[in-house]
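The next block holds one structure in the form of structure tokens; read it before the comments.
Quantities reported herein were computed from a predicted structural model and do not represent experimental measurements.
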Amino acid sequence: MDKYYLTTPIYYVNAAPHIGHTYTTIAADVIKRYKQMQGFDVVLTTGTDEHGLKIQRSAEKAGQTPEAFTTAVAAEFSETWKKFGFALDHEQRTTDPKHAANVQRLFKACLANGFIYKGSYTGYYSVVNEAFVPDAKEGDVDPETGQPLELVTEENYFFKLSAFREKLIALHEDNPEFLQPETRRNEVLAFLKQDLADLSITRTTIQWGIAVPDEPGHVFYVWFDALMAYYSAVVDDNRWPADLHLIGKEIVRFHAVYWPAFLMAAGWELPKKIFAHGWLLFDNNKMSKSRGNIVRPEPIRQAIGADALRYYLLREIVFGADGNFAYDAMVTRYNADLANGLGNLASRTLSMIQQYRGGVIPERPGALELPIATAVAAAINGYEKFEFSKGLESIWQLITAADKYIVEQAPWKLFKAKDDEKLNEVLYSIADALRVATVLAAPVLPESCAKIWRLLGYSTSISEERFGLLEAGQLPAGQAVPAVEPVFPRLEMQPTIDKMNDLEEIERARQNVLLGKTAEPVAVVHPGGIPVAEQITIDDFVKVDLRVGQVKFAERVKGSDKLLHLKVDIGEAEPRTIVAGIAQVYEPETLLNRKVVIVANLAPRKLKGIESHGMIVAASSLDSKATLAGFLEDVPVGARLK
């Protein structure tokens, strides 16, 4: 049996699992399942990158040791992946002593071959990216977080990256499939055709890392450490080199330049292929912790199931390109393709077999009219090229053809007319098409397709089916099918989105506890009154932009007894949308044209599917409801409170 080894990125533990991590891991899991159904012996590695200054500082901020912090977050990744049912073989932690020994082996091999030397370096350092920033100057900030770059001077070991420029260019030019998509390959070649600076691979200003052999005080630079996790996970099983590294495009340079250069310097085998997918965008912005627009996977799984998320991400977004993520688009895709598509075909087909043939698959007709061979070839081509959206589209074309065939042939009329031969032909054809579509979709929808497989009367595992042997007419005649069960119940749009939003808030709070972000400020308590919040400085206060606004529109938010949807004029081109929790105190019509105070520079937040751009200021005591702040004198709209 041919072997196949693939990896996800080694995820950094300064954040808990989010939808970006899940996207890559879903794709890797799909590839593994597909390769297994092609007869390969497949191993899939994921893992956690647990060293570096950023982790050290995150642990300190959380009031934990780095060991405790990384162990807790690594466990969070592991538990999340178990809930999603990913077929993982290795979860390699970079704090594993076996991994540390392999990193030290790599260092010694590169050193022995003359590609490492000691020197010193002064430069501006990005803590977020764990890298020095070339050409940075005093006052520059990290473009992702806006935090100032740090000026660092330290003695380091350097890797002679400059010595591998020509070899790396040849690698990418002579092997165009080594890095895909083509846009990523072109970016790397453009980078390589500039002068390459040697790379600092150790640090002396931090302690949390793998120790450099025979050099007290030196620890390895995070990428020299983390990339070796792919090797450490399988070296004892003789699985190296990797057939595929699956990564996000933001870490292409580390994988397509540094990683092959390290391996070349050591004289070790290179991975065979790297594929870099695009970013998930939320409201057309990259999801990131610093932007505060992270979406977490677990609320989605709880609300609509893991298979629904798997299908949406791989059908909606062209793998390799950036793609926008939206709850409403996900529910729409679920209802259109899963509930009304595959789920409806399964329900109609199996119900008619129950009703018209006593729950037994009829005899196979002489000729089958549905385009099964075309669907099989197109789906395999999509999986092979990681063109998941195209592959799924071809499977759904078969489902659509089967639905059309049902309408055209009208089995209910054939049953009424007692045309048994034609009825058998139609029922077998659509059941056989359902079988093929179910097998083809199984890598993407493992749980749901396994259920449909059982409903078709099979007692074997669907994962035992082989794509290369899949063809029309293989459904056993006479096979009994059990009672029909729903596979994809239809979702109501707004209640489903509300549920995901509510679960997201719960999950966010839970993850904040995990990451040590929930320490509450000590309140000053006055007897008989509401505790006074922690003291702030005048600099803190002036950051809050309080404005006079006038309510131009007000209505209740559907599905909520507490929220009002308001449009408030503060002198801008258009009134602002604000969602306020005052519906139990104020009727919407009583607020029209009323002047209120709003916090104008509060970050937008979605409530019940409505994005709120600000907050209404109200007063309350321990035993009273909210009362809106207002004015005795006439104050112009847009005036700022000071």
Over 12 foreign heavy atoms within 6.0 Å of [atom1], [X]:
| X | atom1 | value |
| --- | --- | --- |
| Lys558 | NZ | no |
| Glu447 | CD | no |
| Glu182 | CD | yes |

Residues [X] and [Y] bridged, charged N to O under 4.0 Å:
| X | Y | answer |
| --- | --- | --- |
| Arg296 | Glu507 | no |
| Glu91 | Lys82 | no |
| Lys390 | Glu393 | no |
| Glu492 | Lys499 | no |
| Arg57 | Glu60 | no |

request  = Could you check whether the rings of Tyr11 and Phe77 sit parallel, tilted or perpendicular, using 30° and 60° as the cut-offs?
outcome  =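 The rings of Tyr11 and Phe77 lie parallel, inter-plane angle below 30°.
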Is there a side-chain contact between [X] and [Y] (heavy atoms, below 4.5 Å)?
| X | Y | answer |
| --- | --- | --- |
| Ile304 | Leu309 | no |
| Asn593 | Gln550 | yes |
| Lys249 | Asp322 | yes |
| Phe69 | Leu515 | yes |
| Leu151 | Glu138 | no |
| Tyr125 | Arg203 | yes |
| Thr25 | Thr80 | no |
| Ile300 | Tyr327 | yes |

What is the minimum heavy-atom distance between [X] and [Y], and which atoms define it?
| X | Y | value |
| --- | --- | --- |
| Ile55 | Glu50 | CG2-O, 3.5 Å |
| Gly248 | Pro9 | N-CG, 4.4 Å |
| Gly516 | Ala62 | CA-CB, 3.8 Å |
| Met500 | Pro299 | O-CB, 4.0 Å |
| Ala308 | Tyr334 | CB-CD1, 3.6 Å |
| Pro297 | Pro17 | CD-O, 3.6 Å |

Taking the side chain from [X] and the backbone from [Y], do they hold a donor-acceptor pair closer than 3.5 Å?
| X | Y | value |
| --- | --- | --- |
| Asn340 | Asn335 | yes |
| Arg576 | Ala600 | yes |
| Ser612 | Ile578 | no |
| Glu154 | Thr205 | yes |
| Tyr312 | Ala326 | yes |
| Asn186 | Thr183 | no |
| Lys595 | Phe631 | no |
| Asn601 | Lys543 | yes |
| Asp307 | Ser448 | yes |

request  = Apply side chain to side chain contact (heavy atoms under 4.5 Å, CB included) to Arg510 and Glu76, showing your working.
outcome  = CA-CA 11 Å; Arg510 189 191 66 80; Glu76 179 76 5; 2.3 Å; yes
Atom [atom1] in [X], atom [atom2] in [Y]: separation rounded to 0.5 Å?
| X | Y | atom1 | atom2 | value |
| --- | --- | --- | --- | --- |
| Arg253 | Ile251 | CZ | CD1 | 13.0 Å |
| Leu566 | Leu592 | CG | CG | 9.5 Å |
| Asn14 | Lys54 | CG | NZ | 4.5 Å |
| Asn501 | Gln494 | CG | CD | 8.0 Å |
| Ser389 | Leu313 | OG | CG | 11.5 Å |
| Leu563 | Ile610 | CG | CD1 | 8.0 Å |

Quick check: [Y] with [X] (ring centres under 6.0 Å apart)?
| X | Y | value |
| --- | --- | --- |
| Phe319 | Tyr23 | yes |
| Phe254 | Trp223 | yes |
| Trp396 | Tyr311 | yes |

request  = Could you please spell out the steps behind the side chain to side chain contact (heavy atoms under 4.5 Å, CB included) verdict for Thr48 and Thr94?
outcome  = CA-CA 6 Å; Thr48 43; Thr94 60; over 6 Å; no
Step-by-step side-chain hydrogen bond (donor to acceptor under 3.5 Å, both in side chains) determination, His613 to Thr577 = CA-CA 6 Å; His613 293 264; Thr577 294; over 6 Å; no
request  = Given salt bridge (Lys or Arg N to Asp or Glu O under 4.0 Å), test Glu298 with Arg508 step by step and report yes or no.
outcome  = CA-CA 10 Å; Glu298 179 58 14; Arg508 180 183 62 81; over 6 Å; no
message = Apply side chain to side chain contact (heavy atoms under 4.5 Å, CB included) to residues Arg547 and Leu641 and explain how you reach the verdict.
response = CA-CA 6 Å; Arg547 297 295 179 112; Leu641 282 70; 5.8 Å; no
inquiry  = Would Phe86 and Ile26 count as a side chain to side chain contact (heavy atoms under 4.5 Å, CB included) here? Give the steps.
reply    = CA-CA 8 Å; Phe86 294 140; Ile26 285 172; 3.7 Å; yes
key: Arg93 and Thr71: side chain donor to acceptor below 3.5 Å   =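 Thr71 and Arg93 do have a side-chain donor-acceptor pair below 3.5 Å.
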